[in-house]
Amino acid sequence: MSEHEHRMEKIVSLAKRRGFIFPGSEIYGGLAGIWDYGPLGSELKFNYKQAWWDFMVRRRENIFGFEASIVMNPKVWEASGHTAAFSDPLVECKVCHERLRADQDEEIKAHEVAHRAAGEEASWTEPKQFNLLVEAKLGAVEGAKTSVYLRGEITQGVHVNFKNILDSLHPKIPFGVAQIGKAFRNEITPGNFTYRMREFEQMELQWYVRPDETEAMAAFDFWKQERMKWYLLLGFNPNKLRFREHGPDERAHYARAACDIEYETPFGWKEAEGIHHRGDWDLARHAKFSGQDLSYFDAETNERFIPWVIETSVGVERTLMYLLLDAYHEEDDRVVLKLHPKLAPYTVAVFPLLRNKPDLVKKAEGIYRGLKKHFPVAWDDRGNIGKRYYSQDEIGTPWCVTVDFQTLEDDTVTVRDRDSMKQERVPVLELDQCLHEKLTAFPAR
Ligand code: GAP
C-alpha cells in the first residue's frame, strides 16, 4: 500500500472509530455511495455548513437564504436539461459485467490490470450514456403513482422560485440566493470514501446579474476569489488548493464558463467546488417550459431582461473529507486533527484530574455545566490526563480544561492548547471570556 493510500485508510478508520462517519446501513452490509454521520461527524458537518452560511449569506447585504424541496414537478428536470443531458458514459466489462465510467482512465486501467493478473483480458462494451437522476414513485394509490426524481442538483429549486423571490423581496440586481441541501445521483462508480456519493449535500449560491458578458465575467472572477478565500480562512493548506478552468468540451450542459477549485487528495488533484457561468440557461428554459414570465424589471434603467447566473457549488461531504485529510497530523506519538476551532465538534473538554476525588469531580462538573451554556463541551474522566489530551487531540478539540488540587485552593484551572500543547493557568471566573477571545482570534466567521 502506498503512503498516500495509507493516509486515506487512516482517515477512514479514525472517522469510524471516533464517531465521525459510518458506512450507511452497515449492519445490513451497507449501501454503495451512502454514508452516515455519527455524533462527532454531525457536529462537524453542522459547524461546517454554518461557517459557509455565515460567510456567504449572513455577512453579505444582497444574498438571501432559501430552502427548496428535494422532490419537484418532473417538468423541472426536462426544462433544466437534466433528463436529456445529465449523464455519464458507461461501459461494461464483458468478462465480469462490472460497469465503470468510460471517462475514468485510472479505474478502467486498474480493472484491466486486475483481470490480467488473473490471466484474463478485459474487454469493454461501447460507451452508453447513463442518466444520473434518481427516480422515485410518489402517491398513495398503486397504479396512479407519479414518477418523480430526487433532485440531481439543488440549483433548480431556486430558479423555479425566481418569480416568488422577486415578488416577495424586490431585490436589486445584482443579488444572490443561497441554499444548502441534499442532492442525489445514480453515480456509476461511487467510491473513495465520501468523494463520490449517491446521496450528498450541496451548498450553492445563485448570483443573478444583468445579461452582460463583462459584468458576468467580473462576477465569475469575484466569486472564484471569494470561494478560494473561504478555504484559506478555514485553515486549508494553500499548497493543496488550486483553480482549474474547464475547457469547452468538459463543461456541463448549462455552463458558458466553468472553473473548479481543486484539492490535492491522496488520489490526485480532485474537484472540491465548481464555479459556473450559467448564462440565462435556467431562467430562459423555465420561462419557456412553464409559460411564466421570469424576467426582471430594472426600475433604474427601465429595462426588462432575463438575468444571467453565476453559480458557486460545493459538496459538503466531499470537502469535509478534504478538511479531515488536511487537518490530520501525526506528531511524535500523538495524532492531532488541526481543525479550525469553530469547526471542531467540541470547543473545549473538561477533566477532573482524578475521578475518585469527589471534590475535584464536583468542581469540574460545575465548570462543565457552566461552559455548556456557551460552547460544545466534552467531558472525560477516564485514564490519565496525558491519554485524555491525546484522545481530544485526535478529534480536534482545541482546548482542554483540567481541574486539579490547585483549583480547589485558588479557583484557577489549566487550559491546554491542542496545537502548541502549551498550558496556562486561568481563573474559573474568566474561563468563558478566555475561550471566547481565543475563538474570535480565528477569522472564519
Ligand atoms: N449546480 C451545479 C452542480 O451541481 P456539480 O459540479 O455537478 O455542479 C457541485 O456539483 C459539487 O457537488 C462538486 O464540486 C462536488 O463537491 C459535489 N458533488 C458532485 N457530485 C458529487 C458526488 N457524487 N458525491 C459527493 N459530492 C459530489
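Order of appearance sets the numbers: ligands from 1, and atoms from 1 within every ligand.
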Can you pull every nitrogen or oxygen pair between ligand 1 and the protein closer than 3.5 angstrom?
from     : atom 1 : to     : atom 2 : distance (Å)
ligand 1 : 1 (N)  : Glu153 : OE1    : 2.7
ligand 1 : 1 (N)  : Thr155 : OG1    : 2.7
ligand 1 : 1 (N)  : Glu204 : OE2    : 2.6
ligand 1 : 1 (N)  : Glu311 : OE1    : 3.4
ligand 1 : 1 (N)  : Glu311 : OE2    : 2.8
ligand 1 : 4 (O)  : Arg185 : NH2    : 2.9
ligand 1 : 4 (O)  : Gln202 : NE2    : 3.0
ligand 1 : 6 (O)  : Glu271 : OE2    : 3.2
ligand 1 : 7 (O)  : Arg185 : NH1    : 2.8
ligand 1 : 7 (O)  : Arg185 : NH2    : 3.0
ligand 1 : 10 (O) : Gln202 : NE2    : 3.4
ligand 1 : 12 (O) : Gln202 : NE2    : 3.3
ligand 1 : 14 (O) : Glu271 : OE2    : 2.5
ligand 1 : 14 (O) : Ala272 : O      : 3.3
ligand 1 : 16 (O) : Ala272 : O      : 2.8
ligand 1 : 16 (O) : Gly315 : N      : 2.9
ligand 1 : 20 (N) : Arg185 : NH1    : 3.3
ligand 1 : 23 (N) : Glu187 : OE2    : 2.8
ligand 1 : 23 (N) : Met197 : N      : 3.3
ligand 1 : 23 (N) : Met197 : O      : 2.8
ligand 1 : 24 (N) : Tyr195 : O      : 3.3
ligand 1 : 24 (N) : Met197 : N      : 2.8

Main-chain N/O of Gly383 paired with Arg388 side-chain donor or acceptor, under 3.5 Å: yes
Any residue meeting side chain to side chain donor-acceptor pair (under 3.5 Å) with Asn164, in chain and number order, not counting sequence neighbours: Asn161
Set of residues satisfying side chain to side chain donor-acceptor pair (under 3.5 Å) with respect to Arg101, sequence neighbours excluded: Asp88, Asp103
Rounded distance (nearest 0.5 Å) linking atom NZ of Lys387 with atom CG of Asp380: 11.5 Å
Test side chain to side chain contact (heavy atoms under 4.5 Å, CB included) applied to Glu213 - qualifying residues, sequence neighbours left out: Met217, Arg256, His277, Trp308
Glu262 side chain reached by Lys270 side chain, heavy atoms, under 4.5 Å: no
